[in-house]
Amino acid sequence: MKSFLKFLLFVLVLSIAVAGLYNLRSGKNATETASTSTATTSQPDGERAPYTPADGPKFDVGDLNLLEEIDRQTTTLISAVTPGVVSINTARTMQVPNVVDPFELFFGRRGQGGRSEPIERRQTSLGSGAVVSHEGHVITNHHVIDRMDEIEVVLSDGRAVPAELLDSDPSLDIAILKIEADNLHPLPFGDSSEVKVGQMVYAIGNPFGLEETVTSGIISAIGRRGSMDSTTEFFQTTAALNPGNSGGPLVNLRGEIIGINNQIFSRTGGWQGIGLAIPSNAARRALESVVQLGRIARAQLGVVIQSLTPELAEQFGVEDQKGALVSDVGLGSPAEAAGIRKGDVIRSFQGRPVSDFVDLRNRVAETEIGAEVELTLIRRGEEETLKATLLEAPSELTPAASQPRAPAQAPEPVQPASGPLRGIQIGPLTADLRQSLELPQFVSGVTVASIDPSSPGAAVLQPGDVIEEINREEIRTPEDFARVAASLTADERVMLFIS
């Protein structure tokens with residue numbers, strides 16, 4: 001009991017001390033406030049506190065005529081470009097599962113029995129685009145309109161117009177829309193092949209629904225790659241891009257579209273200094289294809305290609321790993337007509353070096369259908385130059401390696417007993433086999449009649465394959481095969497060319 005009374009006494013004393021401290025501080029603040037008030041009101045009537053504004057800039061404005069002219073020209077450029085930029089609103093109706101309450105989970109839907117039916121939910125999205133013709137063609141990204149039921153284009157003057165999707169290409173990520181409206185202000189395309197690192201650019205679009213937002217920057221890199229499935233290489237820009245900018249134009253100082261804003265590299269989902277844009281030449285060819293053919297079509301060379309490894313570069317007599325190795329040629333393809341063969345290493349396309357197979361694929365995809373192109377290649381260590389006329393892709397062209405294999409008939413059996421090619425029985429490539437396999441006349445070699453499942457070659461060969469080369473040495477007869485196979489050591493790595 002005494003302890004409790006002591007505790008109450010301690011609490012009472014502490015409360016008095018806190019209250020005294022509070023009153024002391026309050027009195028001090030009141031005194032300070034009164035002093036301030038007195039100082040303020042002590043100003044004589046009719047007099048004002050001193051105020052001396054700045055005289056003006058600390059420099060001669062005439063020295064900045066160049067900056068003023070740049071500012072004037074920039075605003076002139078943006079005011080001319082903005083009417084050609086549009087906002088794109090999309091929507092679709094989705095079927096989503098209905099939320100089931102605990103009662104329905106155990107006893108069924110009230111009054112009807114069974115579980116709740118799916119409900120419809122409306123999903124909306126937004127993006128940007130550019131008007132590119134007086135007839136109402138609008139270009140944007142495929143992912144802006146992908147799987148959407150409704151597409152609406154909002155013009156710079158506020159008009160909202162329904163849009164028709166003419167065609168889109170997921171690998172290029174370009175879509176072509178069509179609207180019916182008058183008094184349009186289309187933007188011209190620039191030549192993206194002339195774009196240089198460091199040049200000034202402006203991005204205009206609809207980020208987060210903020211229409212006609214303008215950001216500026218430079219081209220910080222060219223030839224950037226997104227995914228391996230993409231058929232283009234991107235411009236990298238410092239112009240700020242955010243969600244909603246997709247599909248909008250990236251313009252140069254002439255007001256020309258040099259890119260279609262496409263994606264950002266970000267850990268936060270917002271702009272962090274790296275934006276990517278699709279070069280305008282690829283977008284323009286997609287538009288022209290839709291206008292001329294009614295669909296987006298791309299050119300093809302008709303080859304199956306791969307990149308060079310250090311081992312392959314050594315085998316094919318290439319000093320570095322630059323170029324695209326032809327591993328197969330399509331039947332009836334532009335490549336076959338031009339004389340390109342399996343084993344060729346394509347080193348340049350239209351006078352520009354080819355770095356790898358993705359580089360060559362993208363160059364071909366960006367070239368107009370029907371164009372004649374010049375290719376420089378390495379064949380058996382020697383440089384050759386060929387010309388090919390590109391066709392539309394996809395076509396009915398089929399790589400020889402993917403043709404159904406007819407079994408080799410009546411081979412003269414040759415089967416090494418040892419070495420890395422042991423267990424492979426081969427025979428000559430007869431005229432009947434060549435016809436049944438639909439092989440070009442320039443293909444020569446021996447056919448695989450059968451293969452032992454325990455053979456090291458069973459993982460890559462099958463009956464009906466034609467072996468053309470072993471370690472870059474031509475194989476024309478079963479005797480050639482037997483001689484080369486016998487010269488191989490048991491653990492030697494072997495490179496086969498097969499059709």
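- A 4.5 Å side-chain heavy-atom check between I88 and T90 finds at least one atom pair inside the cut-off.
- Between I258 and P279, the closest side-chain pair of non-hydrogen atoms is not below 4.5 Å.
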Problem - Check against side-chain contact (heavy atoms from CB on, under 4.5 Å), V132 and V138 - result: CA-CA 6 Å; V132 289; V138 174; over 6 Å; no
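- Residue K178 qualifies as enclosed at atom NZ: its count of foreign heavy atoms under 6.0 Å is above 12.
- Shown here for Q350 and V373, the closest heavy-atom pair between the two residues is OE1-CA, 3.2 Å.
- Ion pairing of R347 with D320 is present here, as a side-chain N (NZ or NE/NH1/NH2) and a carboxylate O approach within less than 4.0 Å.
- Interatomic distance, I218 CD1 to T238 OG1, rounded to the nearest 0.5 Å: 5.0 Å.
- Nearest approach of S128 to T140, heavy atoms of both residues: O-OG1, 2.7 Å.
- Taking all atoms of both residues into account, the shortest heavy-atom contact from P249 to G129 is CD-O, 4.0 Å.
- For the atom pair CD (E288) and CZ (F189), the distance works out to 8.0 Å, reported to the nearest 0.5 Å.
- For the pair H143 and S246, the minimum side-chain heavy-atom distance is below 4.5 Å.
- A salt bridge links R122 and E150; the closest N-O separation between the charged side-chain nitrogens and carboxylate oxygens is under 4.0 Å.
- Put simply, the side chain of T237 never gets that close to the backbone of G275: no donor and acceptor are under 3.5 Å apart.
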Exercise for the section: Evaluate the side-chain contact (heavy atoms from CB on, under 4.5 Å) criterion for residues L210 and T213: first the C-alpha distance (whole Å), next the side-chain angles of each, then the deciding distance (0.1 Å), finally the verdict. Expected result: CA-CA 6 Å; L210 302 173; T213 295; 3.6 Å; yes
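- Formation of a donor-acceptor pair under 3.5 Å by the T376 side chain with backbone atoms of T385 is not found in this model.
- Salt-bridge formation is detected for the pair R254/E256: a Lys NZ or Arg NE/NH1/NH2 atom is positioned less than 4.0 Å from an Asp or Glu carboxylate oxygen.
- N206 places no side-chain N or O within 3.5 Å of a backbone atom of S87 that could act as its donor or acceptor partner.
- One finds the CD atom of Q300 at 12.5 Å from the OG1 atom of T367 (value rounded to the nearest 0.5 Å).
- Heavy-atom minimum distance, S220 versus V197: O-CG1, 3.7 Å.
- Judged by distance alone, with hydrogens and angles left aside, the side-chain atoms of D71 form no donor-acceptor pair with the main-chain N or O of T74 at under 3.5 Å.
- At a threshold of 4.5 Å between non-hydrogen side-chain atoms, the residues V154 and V86 do not count as touching.
- Formation of a donor-acceptor pair under 3.5 Å by the N245 side chain with backbone atoms of N242 is found in this model.
- Taken from CD1 in I305 to CG in L325, the straight-line distance is 9.5 Å, to the nearest 0.5 Å.
- In this structure, L250 and Y202 have side chains that are not in contact, with every pair of non-hydrogen atoms separated by 4.5 Å or more.
- D328 contributes atom CG, which lies 14.0 Å from atom CZ of R341 (distance to the nearest 0.5 angstrom).
- Qualifying side-chain contact (heavy atoms from CB on, under 4.5 Å) partners for S133, counting only residues two or more places apart in sequence or in other chains: E135, H137.
- Closest heavy-atom contact between I346 and L301: CD1-CD2, 4.2 Å.
- Using a 4.0 Å cut-off between charged nitrogen and carboxylate oxygen, R298 and D169 count as a salt-bridge pair.
- Each of V214, L187, V251, I257 was checked for a side chain to side chain contact (heavy atoms under 4.5 Å, CB included) with V85, and the lone residue meeting it is L187.
- Ionic pairing of D344 and R379 is present here: one or more N-O contacts between side-chain nitrogen and carboxylate oxygen are shorter than 4.0 angstrom.
- Between R363 and R352, some side-chain heavy-atom pair lies under the 4.5 Å cut-off.
- Looking at S280, its side chain does come within 3.5 Å of a backbone N or O of G190 through a donor-acceptor pair.
- In this structure, the side chain of S327 engages the main chain of V304 through a donor-acceptor pair within 3.5 Å.
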Practice task
Might you work through the side-chain contact (heavy atoms from CB on, under 4.5 Å) test for F208 and L126, ending with a clear yes or no?
Solution key: CA-CA 8 Å; F208 302 111; L126 55 83; over 6 Å; no
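- No donor-acceptor pair closer than 3.5 Å links the side chain of N261 to the backbone N or O of A277.
- Annotation: side-chain hydrogen bond (donor to acceptor under 3.5 Å, both in side chains) contacts of E69 (sequence neighbours excluded): R72, Q73.
- When atom types are taken as modelled, the side chain of S333 and the backbone of G330 share a donor-acceptor pair closer than 3.5 angstrom.
- One finds no salt bridge joining R284 and E366 here, because no Lys/Arg side-chain nitrogen approaches an Asp/Glu carboxylate oxygen to under 4.0 Å.
- Taking CZ of R295 as the reference point, atom OG of S289 lies at 6.5 Å (rounded to 0.5 Å).
- Residue P334 comes nearest to L391 through the heavy atom pair CG-CG, 3.5 Å, listed as atom of the first residue, atom of the second, then distance.
- R224 places none of its side-chain heavy atoms less than 4.5 Å from the side chain of E233.
- The backbone N or O of I174 lies less than 3.5 Å from no partner atom in the side chain of N141, so there is not a single donor-acceptor pair.
- In this structure, R159 places its CZ atom where more than 12 heavy-atom neighbours from other residues, nucleotides or ligands lie under 6.0 Å away.
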Practice task
Run the numbers on L377 and L386 for side-chain contact (heavy atoms from CB on, under 4.5 Å), then give the verdict.
Solution key: CA-CA 8 Å; L377 52 86; L386 302 175; 3.6 Å; yes
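- Residues L166 and L177 are not in side-chain contact: their nearest non-hydrogen atoms beyond the backbone lie 4.5 Å or more apart.
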